[in-house]
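Read through the structure below, which is laid out as structure tokens, and then see the notes.
Index from 1, following the sequence.
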Amino acid sequence: MPAPVLAAYSYCEAVTGQQARNFAYGIRLLPTPKRRAMSALYAFSRRVDDIGDGALPDEVKAARLEETRAVLARIQDGAVDEDDTDPVAVALAHAARRFPIPLGGLDELIDGVQMDLRGETYETWDDLKVYCRCVAGAIGRLSLGVFGTEPGARGAERAPEYADTLGLALQLTNILRDVREDAEGGRTYLPADDLAKFGCAAGFNGPTPPEGSDFTGLVHFEVRRARALFAEGYRLLPMLDRRSGACVAAMAGIYRRLLDRIERDPEAVLRGRVSLPGHEKAYVAVRGLSGLDARHVTRRAVRRRA
């Protein structure tokens, strides 16, 4: 591998190691070429997210997003040289030549962050799904481009759909975890009709639920929705090779355990960020590498067909 490309990948892996709270636990399980490609995807996605979450005026953010979209267009056009000054572009361009990564998914990610800039809110779950598919489902489909599916895997034509659904499950878990933080930033993601149904239309601006609301009922309702998405998305696991499946199982397993914690103590999300300790994330990663989750999904699918 040319030295500039190797240096670009090293930069992306450093970004991933420093900033990815949960993502890094999964991609450590991948062979080197796939790990590097996933780090390049993460570094580019992180750049987009950081623009949206930063403190710059909205008009400056909008301009930065368009600049980032222009970089993506150069990558898609094969116009990024190995000695380009942008290491993320160099690494992602190399990864896209090596793997069939559907780079249009990164355009969708930018679209999703632009929705945040416009301050969009969501009346129904169907409305919110559009946003979640942009910012998370697309990442699932991009990742599948790196993972690939096993030759002859049953139902592999549905793999992009399952990857997309797993992304939705992770994003809904994120939304539940960050409900207080998002409210303080002036953002509301949970569907307005769900908030109204459980008496939470007033929003979440403090460490306690709105007076007279059924906040626990709201959280449990959304947890059930997320669990159904996880169950559907986990059908992807038996279609992947062992180490790619371990990566997906580790990342999804961390979020499922996070969902368990939120379910046990719904109001915790109003008091601060709910997270897992490092040793528990490491356990989930080891479990993923063992293949337990993939075997469980396979057995369940066989029972359904029987």
Between R227 and E263, is the closest basic N to carboxylate O distance under 4.0 Å? yes

Roughly how far, to the nearest 0.5 Å, is SG of C132 from CG of D127? 11.0 Å

Treat each ILVMFWY residue as a node, draw an edge where side-chain heavy atoms are under 4.5 Å apart, and state whether V71 and L56 are in one component. no

Would you mind reporting whether S39 and V15 have side-chain heavy atoms less than 4.5 Å apart? no

Pairs touching residues 163-175 that satisfy side chain to side chain donor-acceptor pair (under 3.5 Å), sequence neighbours left out: R133-D164, R141-D164, N174-R177

So which heavy atom on A93 is nearest to which on V80, and how close? CB-CB, 4.1 Å

Run the side chain to side chain contact (heavy atoms under 4.5 Å, CB included) check on L41 and L106 step by step: do they pass? CA-CA 9 Å; L41 276 175; L106 292 170; 4.2 Å; yes

Return the CG to CG distance between L237 and L166, rounded to the nearest 0.5 Å. 7.5 Å

Heavy-atom side-chain contact between M38 and L30 under 4.5 Å: yes

D53/R187 ion pair, N-O < 4.0 Å: yes

Taking every heavy atom of S45 against every heavy atom of I139, the minimum-distance pair comes out as OG-CD1, 3.6 Å

Are side-chain N/O atoms of Q114 and E120 paired as donor and acceptor at under 3.5 Å? no

Distance in Å, L229 CG paired with L172 CG, rounded so as to fall on 0.5 Å steps: 6.5 Å

Answer whether the closest heavy-atom distance between the side chains of L142 and L109 falls below 4.5 Å. no

Can you list every side chain to side chain donor-acceptor pair (under 3.5 Å) pair that touches residues 205-222, not counting sequence neighbours? E222-R225

Would you mind listing every side chain to side chain donor-acceptor pair (under 3.5 Å) that reaches into residues 85-98, with sequence neighbours excluded? Y9-H94, R47-D86

Step by step, work out the side chain to side chain contact (heavy atoms under 4.5 Å, CB included) result for D49 and V135. CA-CA 9 Å; D49 286 341; V135 299; 5.9 Å; no

Which is it for R243 and L29 under the side chain to side chain contact (heavy atoms under 4.5 Å, CB included) test, yes or no, and what are the steps along the way? CA-CA 6 Å; R243 289 175 72 175; L29 305 177; 5.6 Å; no

Search all heavy atoms of C134 against all heavy atoms of D111 and return the closest pair with its distance. SG-CB, 4.4 Å

Mind jotting down which residue pairs meet the side chain to side chain donor-acceptor pair (under 3.5 Å) criterion with at least one end in residues 74-83? Sequence neighbours excluded, please. R74-D84

Same hydrophobic cluster for F221 and Y255, using side-chain heavy-atom links shorter than 4.5 Å among ILVMFWY? yes

Hey, what do you get for CD1 (I175) to CD (E181), rounding to the nearest 0.5 Å? 12.5 Å

How many angstroms lie between atom CE of M1 and atom OG1 of T32, to the nearest 0.5 angstrom? 9.0 Å

Applying ring pair (Phe, Tyr, Trp, His ring centres under 6.0 Å), which residue pairs with at least one partner in residues 159-190 are found, sequence neighbours left out? Y131-Y189

Could you check F198 against F215 for ring-ring contact (aromatic ring centres under 6.0 Å, His included), going step by step and ending with a plain yes or no? CA-CA 7 Å; F198 293 95; F215 181 73; 9.8 Å; no

Would K34 and F99 count as a cation-pi pair here, with the cationic atom under 6.0 angstrom from the ring centre and within 45° of the axis? no

Minimum heavy-atom distance between L270 and P209, given as atom pair plus value: CD1-N, 3.5 Å

What verdict does the side chain to side chain contact (heavy atoms under 4.5 Å, CB included) test give for F204 and L195, after you've listed the backbone C-alpha separation in whole Å, the side-chain angles of each residue and the deciding distance to 0.1 Å? CA-CA 11 Å; F204 312 105; L195 296 176; 3.7 Å; yes

So T188 and D182, do their side chains get closer than 4.5 Å, heavy atoms only? no

Are the charged groups of D126 and K129 less than 4.0 angstrom apart, N to O? yes

If hydrophobic clusters are built from ILVMFWY residues whose side chains come within less than 4.5 Å, do L117 and M115 share one? yes

Working to the nearest 0.5 Å, report the span between SG of C247 and CG of D241. 10.0 Å

Do D265 and R271 have side-chain heavy atoms sitting under 4.5 Å apart? yes

How close do I51 and T68 get, counting heavy atoms only, and between which atoms? CD1-OG1, 3.4 Å

Would you say the side chain of M239 lies within less than 4.5 Å of the side chain of R154, judging by non-hydrogen atoms? no

Contact summary for P210 and G199, nearest pair of heavy atoms: CB-O, 4.2 Å

Answer yes if the side chains of Q18 and R46 hold a donor-acceptor pair under 3.5 Å, and no otherwise. no

Sequence neighbours excluded, the answer for ring pair (Phe, Tyr, Trp, His ring centres under 6.0 Å) partners of F23 is Y42

